[in-house]
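Written below as structure tokens is the structure these notes are about.
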Amino acid sequence: MDQRILPLILASSWAFLIAMFAVPSIIRVAHLKNILDTPNLRTVHAELTPRLGGLAMFAGFMSALTIFTGLGNGVQQLLASCIILFFIGLKDDLITISALKKFSVQLLATGIVMFMADIRITGFQGIFGIGELPIGLSYGFTFLVIIGITNSINLIDGLDGLAGTLVLIAACTFGLYFYLFGGTAYSNYAAVAFCLIGGVLGFLRYNFHKATIFMGDTGSLLCGFIISVLAIQFIEMRPEPASPAVALGILFVPLFDTLRVSFIRIMKGSSPFIPDKNHVHHRLLAMGFNQITTVLILAMINMLVIAFVVSFGDWGNLEILMVLFAFSVVLSVFLGVYKSHSAQTVSKAKIKA
């Protein structure tokens, strides 16, 4: 056995056990203190449910990473940002805060990893003929990437087990790449990924339908931010000739969902930040699929896209991006016009009534 894998297995197992054993206590306290998420017109769940699962993931991830991993190469700054995001997410889960306050804290966390750890996208690697980016554009684009990915995980967290499953798929893929190709410069990011895998797995034990706890903003902001940093370091590591396009493929479903709903809201003349029920999982539910099937469909789509971009990673960035764009258009049309047989039957029954 490769000696490098043992610390990763230990770190992931530690995070898993801490998260799994923490969740029942969090659920009990949440019910005792009435810290519960109330169903509304936008939510899918119908019962009062705690949304403090991010506490367990945070405890597992942070403790495993500090015990089993070196904090060099920007990991120390990543941890500092995670602590800041944890507290703002926790506050939002306890007492709802404004989007502006959350954005301000995300800006601070992003600034820490960009300016103090120099974690940023330095170039487009040939996309549209663009190579290295000027320093100002590099910081600006990195900011958009981190904020975009972080909030895409937050936005798709609307179904039991969905966000956690997509984070798990992305973390496994990035973690494997860092393990195989990280070398001395990026090897500790394999540990970051494996610690996240353990924490998410421990939480998912209680989050699949019917979920007894949600990850809340505490978990979604934490997971989204870590995944965004992993994506940036993956692009900079350049394990594939088309690393930027491969990274987009690894995060296909959450990014596709965010761009799609934002486009629909703008076309309707409303703000892209106003919540609605146009997310991809809402569309699949409207077609007649249940929650478990919907999660499995989206997970399968994401894994198929990952298999494609990994298999054809030696293509050019532009070629892969064009295929992903074409697939996104086809998928959007399908989601917009298709109705399952059961959904059509219900609609016809309503018309007759």
May I ask you to test the [X]-[Y] pair for a side-chain heavy-atom distance under 4.5 Å?
X: Pro254; Y: Asn302; answer: yes
X: Ile306; Y: Thr173; answer: yes
X: Ile84; Y: Val105; answer: yes
X: Thr110; Y: Leu107; answer: no
X: Val229; Y: Tyr189; answer: yes
X: Met215; Y: Asn207; answer: no

Looking only at the aromatic ring of each residue, does the gap between the centers of Phe141 and Phe124 stay below 6.0 angstrom?
yes

| message | With a 6.0 Å cut-off on the ring centroids, do Tyr139 and Phe143 count as close? | response | no

Closer than 3.5 angstrom, by distance alone: can the side chain of [X] be matched with the main-chain N or O of [Y] as a donor-acceptor pair?
X: Thr294; Y: Leu284; value: no
X: Ser13; Y: Leu10; value: no
X: Thr150; Y: Ile147; value: no

Candidate pair Asp93 and Thr218, rule side chain to side chain donor-acceptor pair (under 3.5 Å), full reasoning:
CA-CA 7 Å; Asp93 287 335; Thr218 309; 2.5 Å; yes

Would you call the rings of [X] and [Y] parallel, tilted or perpendicular, taking 30° and 60° as the class edges?
X: Phe252; Y: Phe327; result: tilted
X: Phe178; Y: Phe234; result: perpendicular
X: His279; Y: His281; result: parallel

Neighbour count above 12 (heavy atom, 6.0 Å) for Phe87 CZ: no

Take atom CZ of Arg28 as the centre, draw a 6.0 Å sphere, and report whether it contains more than 12 heavy atoms from other residues, nucleotides or ligands.
-> no

Would you kindly say whether [X] and [Y] are connected by a side-chain donor-acceptor distance under 3.5 Å?
X: Arg120; Y: Ser138; value: yes
X: Asp217; Y: Asn154; value: yes
X: Glu240; Y: Tyr177; value: yes
X: Asn151; Y: Gln106; value: yes

### Query
Does Lys102 come within less than 4.0 Å of Asp92, counting only side-chain N to carboxylate O?
yes

Looking at every non-hydrogen atom in both residues, tell me the closest pair between [X] and [Y] and how far apart they are.
X: Ala171; Y: Leu196; result: CB-CD2, 4.1 Å
X: Pro50; Y: Thr212; result: CD-O, 3.4 Å
X: Ala190; Y: Leu8; result: C-CD2, 3.9 Å

Are Ile297 and Leu155 grouped together when hydrophobic residues (ILVMFWY) are joined by side-chain heavy atoms under 4.5 angstrom apart? no

